[in-house]
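Data block below; observations after.
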Protein chains: 2
Amino acid sequence: MTEHADPAITPYRPRATLREVAAMAGVSMKTVSRVVNGEAGVTPQKVDAVRVAISRLDYRPNVSASALRRSSGRTAAIGTVLEDLANPFSSVLLRAVEDVANERRVLILTGSVDEDQQRERTLVRAFTERRVDGLIIAPVGEDQGYLRAEMEAGTPLVFVDRQPQGLLADCVLSDNEAGARDAVHHLADAGHRRIAYLGDLALIPTAQQRFAGYQRALLERGLAPDPAHVVHDLHTVDDAARATAALLGAADAPTALFASQNLVTIGAITALQELGLEHRVALIGFDDFPLADLLQPRVSVIAQDPAAMGRAAAELLFQRLDGDRGRSRRLLLPTTTVPRGSGEIAPEAR
Amino acid sequence: MTEHADPAITPYRPRATLREVAAMAGVSMKTVSRVVNGEAGVTPQKVDAVRVAISRLDYRPNVSASALRRSSGRTAAIGTVLEDLANPFSSVLLRAVEDVANERRVLILTGSVDEDQQRERTLVRAFTERRVDGLIIAPVGEDQGYLRAEMEAGTPLVFVDRQPQGLLADCVLSDNEAGARDAVHHLADAGHRRIAYLGDLALIPTAQQRFAGYQRALLERGLAPDPAHVVHDLHTVDDAARATAALLGAADAPTALFASQNLVTIGAITALQELGLEHRVALIGFDDFPLADLLQPRVSVIAQDPAAMGRAAAELLFQRLDGDRGRSRRLLLPTTTVPRGSGEIAPEAR
DNA sequence: GACTCCCCTGACAAGGTTGTCAGAGCGCAT
DNA sequence: ATGCGCTCTGACAACCTTGTCAGGGGAGTC
């Protein structure tokens, strides 16, 4: 660490206010307000005087004060409550929300919840205490009923990725069950009969839906579900790697794997590589991830489109902000099967 | 898309204010304020009355109004201006900032600039108009002098990833030059004499520093820099893939590649795989990326630690907010050489 | 019983802004 | 000269809070 020699420490000069601008320009505060907001009815020379004062004082309107006074009360900020900003799913979604919000000059407050119900509530409360204009939430836990008060106060809510419980509200979801079903059918098409399920925390609704899709496909194919081939509650790469290794080491090991989530897929690949089985055991992961097509074998996935989800959620939110008070909507985005190699490996004759 | 039948549309009930709580509890507004802020000097029965009213009305303090009135004027929110939230470097950094801010119950406003100087200014202005308590900025473009006014107004600024130009302020950087130098030495140690440089936009300061490190290492090794082995201005995976293919197809092709950035590394890998050269041409990338250790060969990198940068930047910022008015500091975080395979490939005898 | 002292409480103003409205100033017709 | 209508402007209140301060009331002391 190095230290710069600073120029003499300057005492802070607090930000200029409307009042000071008005004083310098020799007009009333209201006139300054008019100029700042581009309202008509100010003579050009006063406009000029105000402009000069504004730039001389480097005046910045105080948006909070303005929102406080304005009849609409809009703060031009929305809150996003996501699972984990460091996870590409969340961050890509956030970025898409940002792009839509940006067109309307709306700012974004954001935070991660990490599957922590309490944290979800804390964040929502912090956001509403700042009077955000709307909220986009990837909900966690069993009950979002506590949000009814926000809706009644006129703050639109859009849920993404997971459906809210105990509350009727707009939401944007992937078709998790259909996607999982596709994955299993795809593996079955390649000839597999022993297909394992590697699942995320069983209490997460999307994990439940994916598991339901897995079960349904087995049923449709007349394959007997084997409890020994189902593992739940894998939430990290290491969990998943360990579970995969255990599965493949057991008697009657599966010949194909369905990994129900990003990190689980990566854990499975890690284990497969360690066992040298990556070209012999088939694998399909739910949710695409960067570099999936540079691995050997390339990894087949059921792709969600987090950017599309973010965009859709933001657009829905802004429709509400624009006054749409219609019934609440549920957008189900289809998933895409992306065959790249790992999912097309045929079972070995034994 | 499906539509739910909503319960009868309820007219919005605007949020309750302090005044209403006071009226319901039969006390003055100030007393409610005291209860809300946990100030001493209210009899237990009045506290109870207020508590009851608060929960009956579902009262939420208006943080903006509160900040406006409070002497400190703190909004308990900071702004982060990052390169691209969808890029893991930015999002991991953001997440680290969030974790530090969270301990202090400070919220985060964020936005992406995409190398757009104008956007940087717009975002900073939007944030300061909301009176954020501080800013963390990954600066873009040639001049951050316009931020002097913010510093003078008492808003602490911390720069990350890149040094600000034309302004003396705290910053947290990776030691780009040393890292690049290490990479080239590492390749030279493996016996390479024709080492190519694949660089990001040449106007980005970090790219310049990495190029400087590359040049210095060649010099130290007595290797003649070959202009044909230097490519600048690669900013996407496709750019990098094309450039790599061109380099390797030319006469006197390099036997080793130094990719100066994430996406460039991935582009180089793509090209190497297409040419079937991934096991014959050495590669070291600047900046680690997920799955680098699952590729074949595993990819050697010079790792930065974006989480550490985010944490350090946030801690620096909060020190300033806690009143530290010392000289501005420059934190230079070391990079780590992570040998995984691709950087240890020996040159082929020809 | 008079007096101090302390604890609670509320009235009032202020923080930076905008909505309302009345008044000032002007041109023009009568 | 008077009246009318118009445009431009500022005084004032209000948005929701909190800081300040003075007053009311009770307990404790002499």
Side-chain angles (χ1 to χ4, degrees), chain A residues 12-50 53-54 57-77 128-133 153-154, chain B residues 13-50 53-54 57-77 128-133 153-155:
Chain A
Y12 293 142
R13 182 165 59 86
R15 291 185 195 279
T17 68
L18 240 189
R19 157 171 277 113
E20 297 168 53
V21 175
M24 174 177 277
V27 300
S28 77
M29 290 164 55
K30 180 66 208 187
T31 297
V32 179
S33 168
R34 275 189 270 258
V35 173
V36 169
N37 294 298
E39 287 172 35
V42 186
T43 53
Q45 51 272 39
K46 294 222 177 196
V47 171
D48 275 353
V50 171
I54 285 177
L57 292 170
D58 195 41
Y59 167 71
R60 303 293 162 85
N62 184 327
V63 177
S64 305
S66 164
L68 186 61
R69 185 63 180 89
R70 283 192 139 90
S71 35
S72 84
R74 290 274 172 90
T75 53
T128 54
E129 285 182 352
R130 279 170 182 78
R131 299 296 187 266
V132 292
D133 295 337
Chain B
R13 180 166 58 88
R15 292 185 196 279
T17 68
L18 240 189
R19 158 173 276 113
E20 296 168 55
V21 175
M24 176 178 276
V27 300
S28 78
M29 288 163 57
K30 180 64 206 187
T31 297
V32 178
S33 168
R34 275 189 270 258
V35 172
V36 169
N37 294 297
E39 286 172 37
V42 186
T43 51
Q45 52 271 42
K46 294 222 176 195
V47 171
D48 274 353
V50 170
I54 284 178
L57 292 169
D58 196 40
Y59 167 71
R60 302 294 160 86
N62 184 326
V63 177
S64 304
S66 164
L68 186 60
R69 185 61 181 89
R70 281 190 141 86
S71 35
S72 83
R74 291 275 172 90
T75 53
T128 55
E129 286 182 352
R130 279 172 182 76
R131 299 296 188 266
V132 292
D133 296 337
T155 305

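Basis for what follows: all heavy atoms, side chains included, without hydrogens, waters or symmetry-related copies. Per chain, numbering begins at 1; letters A, B, ... match sequence-line order.
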(message) If we count only N and O atoms by modelled type, under 3.5 Å, do the side chains of B:Thr155 and A:Arg15 hold a donor and an acceptor together?
(response) yes
(request) For A:Val27, answer base if it contacts any base atom (sugar-phosphate contacts may also be present), sugar-phosphate if it contacts only those atoms, and nothing otherwise; contact means non-hydrogen atoms under 4.0 Å. (result) sugar-phosphate
(request) Send over the distance from A:Arg34 CZ to C:dC21 P, rounded to a whole Å. (result) 14 Å
(request) Round to the nearest Å and state the distance from A:Met29 atom CE to C:dG15 atom C1'. (result) 10 Å
(request) Kindly point out which of D:dT17, D:dG10, C:dT17 is positioned nearest to the side chain of A:Thr31? (result) D:dG10
(message) From NZ of B:Lys30 over to P of D:dG23, roughly how many Å is that when rounded to an integer?
(response) 18 Å
(message) Any side-chain N or O of A:Asn62 below 4.0 angstrom from OP1/OP2 of C:dG15?
(response) no
(message) Please report the distance, rounded to the nearest Å, between CG in A:Leu18 and C1' in C:dT17.
(response) 6 Å
(request) Nearest whole angstrom, please: distance from the P of D:dC16 to the CG of B:Asn37. (result) 17 Å
(request) For B:Arg69 and for B:Gly41, locate the closest nucleotide of DNA chain C by heavy-atom distance; then report the residue assigned to the nucleotide nearer the 5' terminus. (result) B:Gly41
(request) Please determine if a side-chain N or O atom of B:Ser66 lies less than 4.0 Å away from the OP1 or OP2 oxygen of D:dT17. (result) no
(message) For a quick test of reading the model, state the closest non-hydrogen atom pair linking B:Ala25 to B:Ala49 and the distance between them.
(response) CB-O, 3.8 Å
(request) Considering non-hydrogen atoms only, spot the tightest contact between A:Val42 and A:Glu39 and give its length. (result) CG2-O, 4.3 Å
(message) Using whole Å, what does the distance between atom C1' of nucleotide C:dG19 and atom CG of A:Leu68 come to?
(response) 13 Å
(message) Taking 4.0 Å as the cut-off, does a side-chain nitrogen or oxygen of A:Arg70 come that near to OP1 or OP2 on C:dT18?
(response) yes
(request) Nearest-nucleotide wise, let me know which of B:Thr17 and A:Ala40 is further upstream toward the 5' end of DNA chain D. (result) A:Ala40
(message) Less than 4.0 angstrom between a side-chain N/O of B:Ser33 and OP1 or OP2 of D:dT18, yes or no?
(response) yes
(request) Compare all side-chain heavy atoms of B:Asn62 with those of A:Arg131 and state whether any distance is below 4.5 angstrom. (result) yes
(message) Using the side-chain heavy atoms of A:Ser28, tell me which of these nucleotides is nearest: D:dA11, D:dT18, D:dC16.
(response) D:dA11
(request) Could you tell me whether a side-chain N or O of B:Arg130 sits under 3.5 Å from a main-chain N or O of A:Thr75, the two making a donor and an acceptor? (result) yes
(request) Would you mind telling me which of C:dT17, D:dC15, D:dG19 lies closest to the side-chain atoms of B:Glu39? (result) D:dG19
(request) Describe the nucleic acid contact of B:Arg131 in one word from base, sugar-phosphate, nothing, applying a heavy-atom distance below 4.0 Å. (result) nothing
(request) Write down the distance between CZ (B:Arg130) and C1' (C:dG16), rounded to a whole number of angstrom. (result) 15 Å
(request) Starting at atom NZ of B:Lys46, determine the distance to atom P of C:dC8, rounded to an integer number of angstrom. (result) 12 Å
(message) Given C:dC8, C:dG10, D:dT18, identify the nucleotide with an atom nearest to the side chain of B:Thr43.
(response) C:dC8
